[in-house]
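These notes concern the structure reproduced below.
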Amino acid sequence: MVTNGKDFVKEVTPRDEDFSQWYLDLVLKTEMMDYAPVRGCMAIRPYGYAIWENIQQLLDKRIKATGHKNAYFPLFIPESLLQKEADHVEGFAPEVALVTHGGDEKLTERLVVRPTSEAIICSMYARWIQSYRDLPLLINQWCNVVRWEKSTRPFLRTSEFLWQEGHTVHSTEEEAEEEALKMLGVYKEFAETELAIPVISGLKTESEKFAGALRTYTIEALMADGRALQAGTSHNLGQHFSRVFDIQFLDKDKQLKYAWQTSWGVSSRLIGAIIMVHGDDRGLKLPPRVAPVQVVVVPIITKKQRKEVLERVREFADEFSGEIRIEVDDREEYSAGWKFNEWEMKGVPLRLEVGPRDLSQGGVTAVRRDTGEKFFINEKELPKRLPALLDDIQSNLFKQALEFREKNTYSVDDYEKFKDIVQEKRGFILSPWCGDPGCEEGIKNDTKATIRCIPFAAEPSEDALCLFCGQKNSKPVYFARAY
RNA sequence: CGGGGCGUAGCGCAGUUUGGCAGCGCGCUUGGUUCGGGACCAAGAGGCCGCGGGUUCAAAUCCCGCCGCUCCGACCA
């Protein structure tokens, strides 16, 4: 940590000085997480977990609204099941945790701690599906998964993380494709509406797609340091898994057919995205829709009016606690100024100050976390103003993030210029690519930038020359340095 | 997995070079005075110096091994 003299938040390294350190300072000081005694693992503390609960609640609603039901599958997967799909095992083998013993007894077959649940779920689906009447099968699960990662970062990449994974089965290829795209759309709408994070969506390249998928779709967000973060993926699995797990159904035409599948997921990584998209030198800036505390009330306690002020803020909280996540910080061992900084660091969208002056004027002093704006609100207007202000903060955060992304998205067809931007400014770079994995690889080796996605609208054009090889009829795709 | 940095009280650090009582600031506890942007006074509590070996009369300090965090790379949906 670096002490930054005159600034308000002493605990946090300035963002532009050292982005990584700023991020680490924040997740620790705001008590979102703490390191656990297992390498790469963390405890998610109540303040961080509350954000996850809000994400779960808001996304779960959407998953159910699109016809999916929740279920739960085992943490352990027999090793032989994981090994059935060739690409899948190749993709995950290096990072699976294995259970070899039960007590002192060696297991006859080793168990994999799920890195994702395709294998175990497909093995169950094979038993549940016989007829086209059993389809579509639309199931989601909220769970933890384990991937033994080489390098980890709180929330962004940890050995164990929380997520939801949807696993659906369909009778036709078209229907599976439609499902994969539909859920990508749900993710995009969710990220933008609830997390105030603008995302670009599109198709992953062959080298970046999910191990075992036919196609992978993705939403990608831009962090404040100009690096991209994959925020959610949706896979069209084709018949890859149904063939090896033998998920067959008798169709209307009396033919026995292999089913078509999808899977899709977002993880607790989204919490990292919220931090890195919205945060500033003072700390977090949480979008009201997912903020554990939307409004904090800080009483200004004075010797003379201590009782009146405390009574007022307490009834005040009761008044709004039904519709707003409101918290009264009436701890008397901390000064008002200390609390201001503390709650700003924790990213609470709106602060209300109630002191003798406010009481005499019949209202409260409000301060927005997003703009720092300070203003008086008359008591009578509060029921209307508070929800309206939270909505306004929510949309303003989205607007700021969108402006930042637009400012940091470049359209470039010259490789030298491309290299300069990757080096100096980062951000998204829309550049033509011929589709050859060799060119993708070459650009990655030169610049560390990867193709984040091929946007849906991308059309090849005659005069678009591949950034790397110069071939005509290339498509504009998004490049970035990524987390 | 390769290279660098770090690990001493809850947090930030000094002490390690040259072995000899484990310290400072913040925080914490208690009492009191305060409170509109990190208040003040007084009295206190708090340590397997990351872990395990070794050298030594004596190790936070020297040697060996390991673990963890972190940065850069490799790897990675």
Side-chain angles (χ1 to χ4, degrees), chain A residues 1-3 5-13 18-21 23-25 28-29 31 34-42 87-88 90-96 115-116 118 145 147-154 156-157 159 161 163 165 204-213 215-220 229-235 263-267 269 282 298-306 309-310 329-345 351-359 361 364-365 367 372 374 376 444-445 448 450 452-453 482-483:
Chain A
M1 191 207 73
V2 178
T3 309
K6 64 186 194 300
D7 291 331
F8 287 86
V9 181
K10 294 175 195 159
E11 286 96 338
V12 180
T13 302
D18 184 343
F19 195 84
S20 286
Q21 195 56 51
Y23 179 84
L24 292 168
D25 284 349
L28 286 165
K29 304 287 179 183
E31 300 184 345
D34 197 3
Y35 291 103
V38 183
R39 180 206 158 90
C41 290
M42 62 176 178
D87 291 338
H88 195 57
E90 198 189 321
F92 285 106
E95 50 185 84
V96 296
T116 178
E118 273 75 8
V145 288
R147 298 177 188 180
W148 218 252
E149 300 285 356
K150 299 244 163 51
S151 70
T152 59
R153 267 164 194 268
L156 299 176
R157 174 170 285 114
S159 297
F161 58 93
W163 76 344
E165 48 179 329
K204 279 290 188 192
T205 63
E206 280 299 300
S207 69
E208 295 267 332
K209 79 175 184 191
F210 176 75
R215 278 188 286 279
T216 291
Y217 298 108
T218 181
I219 54 171
E220 301 277 329
L229 183 76
Q230 178 175 298
T233 49
S234 179
H235 319 290
S263 68
W264 26 272
V266 300
S267 72
R269 170 184 268 194
R282 291 196 185 188
V298 178
I300 311 297
I301 302 162
T302 58
K303 199 174 172 184
K304 284 180 192 163
Q305 301 206 46
R306 180 175 169 277
V309 167
L310 283 174
D329 187 354
D330 56 6
R331 294 175 294 179
E332 296 193 47
E333 59 273 27
Y334 293 97
S335 70
W338 188 90
K339 292 176 190 173
F340 295 167
N341 288 292
E342 180 74 5
W343 289 109
E344 277 174 10
M345 183 175 76
R351 177 176 79 241
L352 303 179
E353 304 172 12
V354 181
R357 210 154 65 205
D358 304 287
L359 284 188
Q361 290 172 39
V364 303
T365 299
V367 182
K374 197 171 200 169
F376 183 80
K444 185 182 172 183
N445 289 342
K448 290 179 212 154
T450 51
R452 302 319 301 156
C453 76
Y483 274 96

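Bear in mind the structure is a predicted one, so any value in this text is a computation, not a measurement. Throughout, a chain's letter reflects where its sequence line sits, starting with A, and its residues are numbered from 1.
At a threshold of 4.0 Å, the pair Arg452(A)-Glu208(A) counts as salt-bridged, since one of the basic side-chain nitrogens sits closer than that to a carboxylate oxygen. Using a 4.0 Å cut-off between charged side-chain N and carboxylate O, Lys209(A) and Glu206(A) make a salt bridge.
Between the P atom of C40(B) and the CD atom of Glu333(A) lies a distance of 16 Å, rounded to the nearest Å. Look at NZ on Lys303(A): it is 19 Å from P on C40(B), rounded to the nearest Å.
In this structure, Tyr334(A) reaches the C28(B) phosphate: one of its side-chain N or O atoms is under 4.0 Å from OP1 or OP2.
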Quiz item: Could you write nucleotides 69-75 of chain B as a row of B, S and -, 5' to 3', where a protein heavy atom under 4.0 Å of any base atom gives B, of only sugar-phosphate atoms gives S, and otherwise -?
Solution: SSSSSBB
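To the nearest 0.5 Å, the span separating CZ on Arg357(A) from OG1 on Thr302(A) amounts to 11.5 Å.
With hydrogens and angles left out, the side chain of Ser335(A) and the base of G38(B) share no donor-acceptor pair within 3.5 Å.
Using a 4.0 Å heavy-atom cutoff across all strands shown, Trp264(A) reaches no nucleic acid atom at all. When heavy atoms are screened at a 4.0 angstrom cut-off, Phe19(A) is found touching no nucleic acid atom at all.
By the 6.0 Å and 45° rule, Arg157(A) does not stack over the aromatic ring of Tyr483(A).
Of the two residues near RNA chain B, Gly337(A) and Thr116(A), the one whose nearest nucleotide lies more 5' is Gly337(A). The 5' end of RNA chain B is approached more closely, in terms of each residue's nearest nucleotide, by Val367(A) than by the other of Val367(A) and Phe210(A).
Between Asp358(A) and Phe376(A) there is a side-chain heavy-atom pair separated by less than 4.5 Å.
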